[in-house]
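Within every chain, numbering begins at 1; the chains are lettered A, B, ... in the order of the sequence lines, protein sequences first and strands thereafter.
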Amino acid sequence: MAKVVTRFAPSPTGHLHIGGARTAIFSWLLARHHGGEFVLRIEDTDRERSEQQYTDAILASMEWLGLSWDAEPVYQSQRDDLYNKYIDQLLAEGKAYYCDCSAEEVEAMREEARANGKKPKYNGKCRELGLEKAEGRVVRFKAPLTGRTVWKDLVKGSIAFDNEELDDMIIRRSDGSPTYNLAVVVDDHSQEISHVLRGDDHVNNTPKQIMLYTALGWEVPEFGHVPMILGSDRKKLSKRHGAKSVMEYEKMGLLPQALVNYLVRLGWSHGDQEIFTLDELIELFSTDNLSSSAAGFDPDKLLWLNAQYMKDSSDADLAALVAPFAKEAGFEISLEELTAMVPLFKDRAKDLIGLVDAMRFMLLADSEYEFEEKAVKKALTEEGKQHLANMREQFAALEAFTKDTTHEVMANYVSDNGLKFKAVGPPLRVALVGAMGGPNLPDVMEIIGKERTLARIDRALEQ
RNA sequence: GUCCCCAUCGUCUAGCCUGGCCCAGGACACCUGCCUUUCACGCAGGCGACGGGGGUUCAAAUCCCCCUGGGGACGCCA
């Protein structure tokens, strides 16, 4: 196979959404799998809606996801000369023509076609008029009137359109700027793109583009149209489904690898495997096992995957990951301390914000962590407090204050007094945690240390 | 309206091309139990699908046709 070059071509009119991210990932994987190149193109020809801040945000999201690109991004807004060169070429070769039909006229043609039970389209009025270049005239592509345009789609298989369905599209606007389909073809060709992977919504543009390639005498690239992502209810993805930008998932505390893994798995599979490293993905990826039907987005499964990645992270890595979230929540804590705490909590949260939440009682000062009323009532009874006071003395006497020694104190206290663990566990838990849930007590004590353990017991005794 | 695409558990999917190994496998979610001082995690089990109808065949989730349903596109947006 010739060199594989894929691309991702976002238009900077908003943040990078998960749908776009997914096609970007597929394109990236295809290139990496073949040892080819992955390039970026910013489709900013819509000057009204394009903004630099969105380009910056999209690139930042790409980086966060780990999708490296191989050359400086190309900006369509800076290539008018190139587009014009080819539009002029088509004009010179009689494959395009000037048209002076007004918007109202064209709209009337569409209405008429629709009334006749046809697909609404421009009727070719100026096609053979031989109009000269003039202010306010657009350039239209002289599309074939008969025949069929067919291609073998990488994900959907053979797709065919009757050329009769298509009209003479505008390739240069009256203000002189090129339109999307023209610009895309010129760019994909000039950037030597071999495989175009893009959203399903472009299927209808493909025959038009193929015609342009043919008219320009260029080789047609491979096309693959990835189905879109729907909400879990199979309806169009919207805000309330969690149709968010990549950036929002970053803010929620998702790991980029988990998001990538989830998105890839949504519409692509390799047998029963659910979790893939990036290297595995690169090695296994093929458009052959891309699904041709739309996929529903399931936030629960995404979270589950994220939890798996958190569990598999090293303590140091996870600590570095949560650090900004802890800070955001107002906690000043060193990376060392976080690294020590994280193993107790890593499998108790599904995202980094949840992780900070789980650690909250420990992060809070001894004078500030809160007691849950219900738990206090249940565990800090007179009897419970008595046991607490007794154990406090033994903890205080400990020289080495570790999870082993504290556990030993508890175990001995239980057996010496003929008690059940249930008699001392809950009160101590409420004393240290403020609630009934949480990690193993000796582990907690070892981390917060003797002073803080005693301080917390003292506070509990006052409840 | 016209054209294009799609159709397996609630959701993501395996199987479909190369019919029999599938009274359909895995994962998430859900339910039950186990583990545990608690909450999670984990483990074990359970619930749960080939959209409908016709063909072809000894045999169809798999091949063919029709229907239905869903999505997309029909711009001087991308």
Nearest-Å distance once atom [atom1] is located in both [N] and [M]:
{"N": "B:C34", "M": "B:A24", "atom1": "P", "answer": "29 Å"}
{"N": "B:G19", "M": "B:C58", "atom1": "C1'", "answer": "12 Å"}
{"N": "B:U56", "M": "B:C50", "atom1": "P", "answer": "24 Å"}
{"N": "B:G20", "M": "B:C66", "atom1": "P", "answer": "25 Å"}
{"N": "B:U38", "M": "B:C22", "atom1": "P", "answer": "42 Å"}
{"N": "B:G53", "M": "B:A14", "atom1": "P", "answer": "25 Å"}

Among residues at least two apart in sequence or on other chains, which ones pass salt bridge (charged side-chain N to carboxylate O under 4.0 Å, His left out) with [X]?
{"X": "A:Lys385", "result": "none"}
{"X": "A:Lys118", "result": "A:Glu164"}
{"X": "A:Asp351", "result": "none"}

Confirm from the modelled atom types if A:Asp200 and B:G72 form a donor-acceptor pair under 3.5 Å, side chain to base only. no
Could you go over nucleotides 74-76 of chain B and give all protein N or O partners under 3.5 Å, atom names and distances?
{"residue": "B:C74", "atom": "O2'", "partner": "A:Pro120", "partner atom": "O", "Å": "3.0"}
{"residue": "B:G75", "atom": "OP2", "partner": "A:Arg110", "partner atom": "NE", "Å": "2.3"}
{"residue": "B:C76", "atom": "OP2", "partner": "A:Arg110", "partner atom": "NH2", "Å": "3.4"}
{"residue": "B:C76", "atom": "O2", "partner": "A:Ser174", "partner atom": "N", "Å": "3.0"}
{"residue": "B:C76", "atom": "O2", "partner": "A:Ser174", "partner atom": "OG", "Å": "2.9"}
{"residue": "B:C76", "atom": "N3", "partner": "A:Ser174", "partner atom": "OG", "Å": "3.0"}

Kindly write out the residues that satisfy ring pair (Phe, Tyr, Trp, His ring centres under 6.0 Å) with A:Phe8, not counting sequence neighbours, or none if the list is empty. none
List for me each residue that meets ring pair (Phe, Tyr, Trp, His ring centres under 6.0 Å) alongside A:Phe371, sequence neighbours excluded, and say none if there are none. A:Tyr369
Residue pairs fulfilling side-chain hydrogen bond (donor to acceptor under 3.5 Å, both in side chains) with at least one residue in residues 139-157 of chain A, sequence neighbours excluded: A:Arg148-A:Asp162, A:Thr149-A:Asn163, A:Trp151-A:Asp153, A:Asp153-A:His225, A:Lys156-A:Asp200
Could you list, one pair per line, each protein nitrogen or oxygen that sits under 3.5 Å from a nitrogen or oxygen of nucleotides 60-66 of chain B, together with the distance?
none

Which pairs count as ring pair (Phe, Tyr, Trp, His ring centres under 6.0 Å) when at least one residue sits in residues 408-438 of chain A, sequence neighbours excluded? A:His387-A:Tyr413
For B:G42 and A:Lys311 - does any side-chain N or O of the residue sit under 4.0 Å from the phosphate oxygens OP1/OP2? yes
What nitrogen or oxygen pairs link the protein and nucleotides 28-33 of chain B at under 3.5 Å?
{"residue": "B:C28", "atom": "OP1", "partner": "A:Trp304", "partner atom": "NE1", "Å": "3.4"}
{"residue": "B:C28", "atom": "O2'", "partner": "A:Lys301", "partner atom": "N", "Å": "3.2"}

Could you list the protein-to-nucleotides 47-49 of chain B atom pairs, N/O on both sides, closer than 3.5 Å?
none

The criterion is side-chain contact (heavy atoms from CB on, under 4.5 Å); which residues satisfy it with A:Ser77, sequence neighbours excluded? A:Asp44, A:Tyr75
